[in-house]
Amino acid sequence: MKHKSSFLLEILFCILFISACGTNMNTNEELTREGNENDESTASPYKDDKMIGVAQIFLEDEGILWINTSKWENRDNPNSTVTEESQGYAAIITENTVIKHEDGTKIPVKAIKEGQKVLINPPRENDFKDQADEIVLLEMTYKEKYEQFLGGEGLHISVIYEDPNNLPHEMQEPMFNKAHDIAAKMDKSVSASWIEYNKNYVVDYKEEFEINHFPIILVFDEEKLLFKTYEVEELYGFLKDLKE
């Protein structure tokens, strides 16, 4: 789930950085208000002997597949916030590394999409860089595929753009401020993120959401897409029409 963006850094109140070992691999810029917190207290599903992460990027010249392993690294502390600073693992890919789907079908390393959930064998011991004997592409749940869009207890507004230089000002901070004010009158919380379209991501959002052009505005609750538009005024109209 690679979204490189830096042009909004000066205007955002809250920035979500996702990086791997100091390299910016997957960045969302996010604004949130009114307590959109994740209050999960359940035990971590991650096990010591099953190192699971999210594929970021393959550096062909170095033969390294960068993998975000933040959740696995924090498996003993499931309530830890892992969005502020990701922990990455450099899987060294050799001719002996087996890369396959769960059904055993083998694929080349270049076929791994960014954002793909993977199992790395063997799990790391002390080093954050080591040879991988096996990389298994795992099936992903709906939540894992669309996690960046789903709201917490409120609504989440996502602006997907293609060219940061062509993102209208009215779709930036002013949009979030007005959307927040409208939602607040109905005692609803709202958050927002700006995401650069990446055709090499594990889910092609352009196809999935039937996007005709960019930028586009999407509104999700905690489960599904509620509304999409290319116009901020239509977004405001949708929010005003929401009922308790």
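None of these values were measured; they are calculated from a predicted model.
Listed by first then second residue, pairs satisfying salt bridge (charged side-chain N to carboxylate O under 4.0 Å, His left out) with a partner in residues 115-129 read E73-R124, K117-E144, not counting sequence neighbours.
Heavy atoms only, all atoms of each residue included: I217 and M171 are closest at CD1-CE, 4.1 Å. Taking both residues in full, the closest heavy atoms of T229 and L235 are given as CG2-N, 4.0 Å, listed atom of the first, atom of the second, then distance. Heavy-atom minimum distance, V190 versus H180: CG1-CA, 3.4 Å. The two residues P215 and Y230 make their nearest non-hydrogen contact at O-CD2, 3.5 Å. The two atoms that bring S191 and H156 nearest to each other are OG-ND1, 2.6 Å, heavy atoms only. Residue I64 comes nearest to A90 through the heavy atom pair CG2-CB, 3.7 Å, listed as atom of the first residue, atom of the second, then distance.
No donor-acceptor distance shorter than 3.5 angstrom exists from the side chain of W194 to the backbone of Y161, with no hydrogens or angles considered. A donor-acceptor pair under 3.5 Å links the side-chain atoms of Q172 to the main chain of L167, judged by distance alone. Looking at T97, its side chain does come within 3.5 Å of a backbone N or O of A132 through a donor-acceptor pair. Of the possible polar contacts, one joining the W72 side chain to the K47 backbone as a donor-acceptor pair under 3.5 Å is found. Between the side chain of E102 and the backbone N or O of E139 there is at least one donor-acceptor pair closer than 3.5 Å. S70 places a side-chain N or O within 3.5 Å of a backbone atom of Q87 that can act as its donor or acceptor partner. When atom types are taken as modelled, the side chain of Y142 and the backbone of E223 share a donor-acceptor pair closer than 3.5 angstrom. A donor-acceptor contact shorter than 3.5 Å links the side chain of Q116 to the backbone of L138.
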Determine, step by step, whether F149 and F220 satisfy the ring-ring contact (aromatic ring centres under 6.0 Å, His included) criterion, reporting the C-alpha distance in whole Å, the side-chain angles of both residues, the deciding distance to 0.1 Å, and the verdict. CA-CA 6 Å; F149 295 106; F220 278 77; 5.5 Å; yes

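Salt bridge present: D48 and R75 bring a charged side-chain N and a carboxylate O closer than 4.0 Å. For E147 and K71, the salt-bridge test passes: some basic side-chain N is under 4.0 Å from an acidic carboxylate O.
Under a hydrophobic clustering in which Ile, Leu, Val, Met, Phe, Trp and Tyr are joined whenever their side-chain heavy atoms come within less than 4.5 Å, directly or via other members, F58 and I107 fall into the same cluster. V98 and I93 fall into different hydrophobic clusters, where Ile, Leu, Val, Met, Phe, Trp and Tyr side chains are chained together by heavy-atom contacts under 4.5 Å.
A distance of 11.0 Å separates CG of N200 from CD1 of I112, quoted to the nearest 0.5 Å. How far CD1 of I67 is from CD1 of I57: 13.0 Å, rounded to the nearest 0.5 Å. Note that CG of L239 and CG of D181 are 11.0 Å apart. Values are rounded to the nearest 0.5 Å. One finds the CD atom of Q56 at 10.0 Å from the CH2 atom of W66 (value rounded to the nearest 0.5 Å). I157 contributes atom CD1, which lies 5.0 Å from atom CE of M175 (distance to the nearest 0.5 angstrom). Here the CD1 atom belonging to I195 is positioned 12.0 Å from the CD1 atom belonging to I216, to the nearest 0.5 angstrom.
Looking at K50, K106, K100 one by one, the single match for salt bridge (Lys or Arg N to Asp or Glu O under 4.0 Å) with E134 turns out to be K100.
Residues V219 and F238 form a side-chain contact, since some pair of their non-hydrogen atoms from C-beta on lies under 4.5 Å apart.
Centroid-to-centroid, the aromatic rings of Y89 and F128 stay 6.0 Å apart or farther.
The salt bridge (charged side-chain N to carboxylate O under 4.0 Å, His left out) test applied to D221 returns K224, not counting sequence neighbours.
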